[in-house]
Every structure is written in structure tokens, then in C-alpha cells.
2 protein chains.
Amino acid sequence: MSASETGTRRGRPRGFDRDAAVAAATRLFWERGYEATSISDLTEAMGIRSGSLYAAFGDKPGLFQTVLEAYRELPSGAFVYEAFAEEATAFGAVARMLREAAQVFTDPAHPAGCMVTNAATNVSPANVEVLELLRDKRNRNIVMVADRLRAGQAAGELARSVDVDALAAYYAAVYQGMSQRARDGADESELLQTAELALAVWPRG
Amino acid sequence: MSASETGTRRGRPRGFDRDAAVAAATRLFWERGYEATSISDLTEAMGIRSGSLYAAFGDKPGLFQTVLEAYRELPSGAFVYEAFAEEATAFGAVARMLREAAQVFTDPAHPAGCMVTNAATNVSPANVEVLELLRDKRNRNIVMVADRLRAGQAAGELARSVDVDALAAYYAAVYQGMSQRARDGADESELLQTAELALAVWPRG
DNA sequence: TCATTTCTTGAGCGATCGACCAAGAAGTTC
DNA sequence: GAACTTCTTGGTCGATCGCTCAAGAAATGA
């Protein structure tokens with residue numbers, strides 16, 4: 001059997017825990033954002049030298065990509081998708097999204113807010129790709145919300161007269177505003193009140 | 001009469017238009033944020049050499065301070081304060097704030113969104129002061145809104161049962177979310193719809 | 001055993017960062 | 001005119017940026 005079949009890797013094995021290193025990098029990018037996090041910040045937090053970092057992740061954008069994929073597996077990066085996958089109604093999904101956001105955004109176990117929302121807002125021309133990457137992610141999420149609202153509308157949950165795109169954009173703005181508020185020090189109860197107020201405009205009847 | 005009395009300045013006069021230079025710097029900081037804007041970016045946009053910049057503004061944080069003060073004098077930086085100074089009711093002030101934000105945030109004459117909201121979200125430890133400066137500004141603005149709501153409550157505009165702090169935090173989140181949406185490409189009509197939906201939760205009766 | 005493969009180390013690459021300074025230029029004051 | 005003050009120019013500072021590479025270390029395959 002060849003190495004590729006057995007899965008045993010030739011050569012010197014990696015000397016560090018890749019998942020733990022990615023977790024450390026995630027925390028840094030989440031806290032400071034993409035550009036304000038330097039390679040030496042990363043190597044120090046990950047406990048490795050730059051050579052190992054580049055061998056394992058390619059370059060800085062490559063590491064950030066890996067971090068984004070790891071983030072998607074964390075509760076903080078998955079709860080919105082889980083809400084939309086599991087809740088029976090459009091309102092149930094949106095309500096769960098905002099209420100869980102209030103809790104997740106302020107969880108002291110990790111940096112505040114949503115990484116996708118806040119990790120690449122200030123970026124120099126050399127790194128526009130990263131800004132566009134997250135911007136596109138945010139905009140695609142709004143489309144996902146709008147599509148779910150449309151489905152709910154087709155199922156009779158929402159009146160035909162409701163502008164689902166406007167509603168989706170509104171909840172996206174609230175979500176992103178809550179993330180910013182969390183980074184500015186808002187606590188869970190404030191964000192929960194914001195969520196409830198935002199949900200109060202849901203068109204009923 | 002001494003020079004200080006006449007206002008005539010001794011020595012070689014400044015060779016550039018200070019206001020125009022500050023305007024150019026404002027545009028850059030607004031677009032890219034504090035840290036992603038380099039001194040050489042600034043000198044190029046302002047049409048001066050670094051020596052002139054440091055002579056006129058001290059250092060990079062000093063220039064940013066000057067830019068913030070100039071921003072306060074622009075419509076984009078003043079409209080919220082004007083709304084709260086001129087509108088007769090708390091609701092009138094909040095409504096005007098959000099409706100004008102929809103227009104100002106998407107005005108193609110300048111960068112999208114609110115500079116105070118978005119110019120220093122990603123920052124390295126060396127520049128935390130700038131992050132804290134804007135964060136404190138944002139949090140003070142929420143206190144201003146809450147105080148206005150409290151006054152409106154005392155005047156009978158709002159029921160005693162209304163939690164004005166929660167309401168102020170909610171509108172702050174919507175405002176900041178609208179700014180982020182504008183930077184992500186949202187147009188005026190989307191933001192206006194978001195503003196109207198947000199205003200629909202205002203407690204009546 | 002020994003060649004092969006992969007990873008780590010440590011030094012260092014060119015470029016850019018924010019900031020500074022001496023010299024000269026361009027004004028006012030006397 | 002000379003003295004004084006302020007600003008601009010051009011060069012340069014040490015530090016850091018993201019990144020690379022040769023040499024050595026540690027595993028597997030034959």
C-alpha cells in the first residue's frame with residue numbers, strides 16, 4: 001500500500017497542533033482584524049516560526065481563508081446557518097438568529113461580535129481582496145435571509161404585500177449593528193433588548 | 001502692534017491650502033480607516049511632503065484629530081447633532097437621524113457610511129488610542145440619544161414604561177448597521193426602507 | 001542501513017512603516 | 001539692509017512588514 005492509500009504521511013511530522021494553531025490565529029484575526037494582525041503576532045500566538053506557518057498555510061491570505069473555514073465550524077460562525085436550517089418558520093429563523101447573536105456576540109470566551117462583520121473593514125489597497133471576500137460573504141447571507149423570507153411568504157407566513165428584500169436588509173443591518181455594539185462593550189441584555197425591538201416590526205396578519 | 005495682535009504670521013507662510021489638505025486626508029481616513037492609511041498615502045493625496053505634514057499637524061494621530069474636527073463641520077458629521085438640536089420631539093430627532101443617514105451614507109460625493117462608525121474598527125495594539133477615541137465617541141452619542149428620549153418621556157411623548165436606554169441602544173445599532181450596509185454597497189432606497197422599518201417600533205400611545 | 005520526504009530553525013530579503021532633521025527658501029520685524 | 005521666524009525640501013532613521021531560503025532534524029519506504 002502506498003502512503004497516499006494508508007494515509008500515513010512521509011517525512012518529518014508537523015511539530016505543532018494545527019487545530020490549536022488555527023484557533024489561536026482565529027482569535028487574533030477576530031480581535032484585531034486581518035491587516036492589523038501581523039505575521040509575528042500570529043507566529044507568537046500560534047507558538048511556531050514563520051517558516052512553519054508558510055509551509056502549513058501558504059501565505060497570510062491563505063491562513064485567513066483557513067481561519068474563516070474554522071470559524072464556520074465554531075458555534076459563533078455557524079449559529080445563523082443552523083437557525084435557518086432548523087427553524088420551521090421564517091420568523092423563527094430570524095428571531096433565533098438575533099437572540100442567539102445577543103448571546104454569542106458577548107460571550108467572554110472569545111472576541112466580541114461577528115468576525116465576518118468586523119475583521120476586514122479597514123484595509124489598505126494591497127488587501128482589498130480580503131475586504132471583498134468578507135463583503136461578498138455578508139451580502140450573500142442577506143440573499144439567504146431574503147430567500148427564506150420569500151419561501152415563508154409562499155407558505156403563507158407573510159402577506160404578499162411584504163417587501164422581503166427590504167425586511168432582509170433591515171435584519172442584516174440590525175445584526176451587523178449588534179456586532180458593532182458588542183465590540184463597543186454592549187452586554188447581552190442590551191443586545192437582547194435590541195433583538196426584541198427589531199423583531200417587533202415583523203409584519204403580522 | 002505685535003504679530004499676535006494683528007494676526008499676521010511671522011516667517012515663511014504655509015505653501016499649501018490647509019483646509020484642502022485636511023479635506024484630502026479626511027477622504028482617505030474615511031475610505032480606508034486610520035491604520036490602513038499611510039503617511040505616504042496622505043502626503044500624496046494632500047500634495048505635500050512629510051516634513052510639511054509633521055510641521056502642520058504634529059503626527060499621524062494629531063492629523064486624525066484635526067480630520068475628526070473637520071468631519072464634525074461637514075454635513076456628514078453634523079447631521080445627527082443638527083437633528084437633535086432642531087427637532088421638537090424625540091421621535092422627530094430619531095426619525096430625521098435615520099432618514100438623513102440613508103441619504104448621507106450613500107452620497108457618492110464622499111466615501112460611504114459614517115467615519116466615526118467605521119474608521120477604526122481594525123487596529124493593532126500600537127493604535128488602540130484611536131480605536132478608543134472613536135468607540136467613546138459612539139458611546140457618548142448613544143447617551144445623547146438616551147437623554148433626548150428621557151426628556152421626551154418627561155414631556156409626555158413617551159410612556160413611563162418605555163425603557164429609553166434600550167430604545168437608544170436599538171437605534172444606535174440600526175444606525176451603525178446602516179453605515180456598514182452603505183459600505184457594503186447598499187443604496188439609499190434600501191437604507192431608507194431600513195430606517196422606516198426601524199422607526200415602526202417606536203412606542204406610541 | 002540509507003535514500004527520500006517533510007517540517008523546523010534561524011537568518012535575512014526588499015519594501016514600507018511613522019517620524020525626524022539639517023539645509024535652504026520665503027516671509028516679517030526692526 | 002540685517003535679524004528673526006516659519007515652512008519646505010530631500011534624505012534618512014530604526015523598526016516592522018510579509019515572505020523566502022539553506023541547513024538541519026525527524027519521520028517513512030525500500
Could you tell me if B:Tyr175 and B:Asn141 have a donor-acceptor pair between their side chains, going purely by distance under 3.5 Å? no
Could you tell me the separation between the CZ atom of A:Arg18 and the P atom of C:dT6, rounded to a whole number of Å? 15 Å
Starting at CZ of A:Arg49 and ending at P of C:dT6, how long is that distance when rounded to a whole Å? 23 Å
Pair listing, ring-ring contact (aromatic ring centres under 6.0 Å, His included) test, anchored in residues 26-49 of chain A, at least two apart: A:Phe29-A:Tyr34, A:Phe29-A:Phe64, A:Trp30-A:Tyr71, A:Trp30-A:His110, A:Tyr34-A:Phe64
Counting only N and O atoms by type, is there a donor-acceptor contact under 3.5 Å from the side chain of A:Asn127 to the main-chain atoms of A:Val130? no
Specify the residues of residues 21-28 of chain B, ordered by number, for which at least one heavy atom lies under 4.0 angstrom from an atom of DNA chain C. none
Output all residues satisfying salt bridge (Lys or Arg N to Asp or Glu O under 4.0 Å) with A:Arg148, sequence neighbours left out; order by chain, then residue number. none
Which residues share a side chain to side chain donor-acceptor pair (under 3.5 Å) with B:Asp59, sequence neighbours left out: none
A side-chain contact here means heavy atoms from C-beta on lying under 4.5 Å apart; do B:Arg32 and A:Asn122 qualify? no
Under a 4.0 Å heavy-atom criterion, the protein footprint on nucleotides 17-27 of chain C, written with B, S and -, is SSBBB--BBBB
Return no unless some side-chain N or O of B:Ser52 is found under 4.0 Å from OP1 or OP2 of D:dC7. no
Whole-Å distance separating the CG atom of A:Leu42 from the C1' atom of D:dC19: 13 Å
Just distance, no hydrogens or angles: give the donor-acceptor pairs under 3.5 Å from side chains in residues 87-105 of chain B, sequence neighbours left out.
unit_1: B:Glu87; atom_1: OE2; unit_2: B:Arg96; atom_2: NH1; d: 2.9
unit_1: B:Thr89; atom_1: OG1; unit_2: B:Gly92; atom_2: N; d: 2.9
unit_1: B:Arg96; atom_1: NE; unit_2: B:Glu100; atom_2: OE2; d: 3.1
unit_1: B:Arg96; atom_1: NH1; unit_2: B:Glu86; atom_2: OE1; d: 3.2
unit_1: B:Arg96; atom_1: NH2; unit_2: B:Glu86; atom_2: OE1; d: 2.9
unit_1: B:Arg99; atom_1: NE; unit_2: B:Glu196; atom_2: OE2; d: 2.7
unit_1: B:Arg99; atom_1: NH2; unit_2: B:Glu196; atom_2: OE1; d: 3.1

Rounded to whole Å, how long is the line connecting atom CZ of A:Arg14 with atom P of D:dT28? 15 Å
Note: A:Val67 and A:Val22 closest approach over all heavy atoms is CG2-O, 4.1 Å
Interatomic distance, A:Leu53 CG vs C:dT9 P [rounded to whole Å]: 12 Å
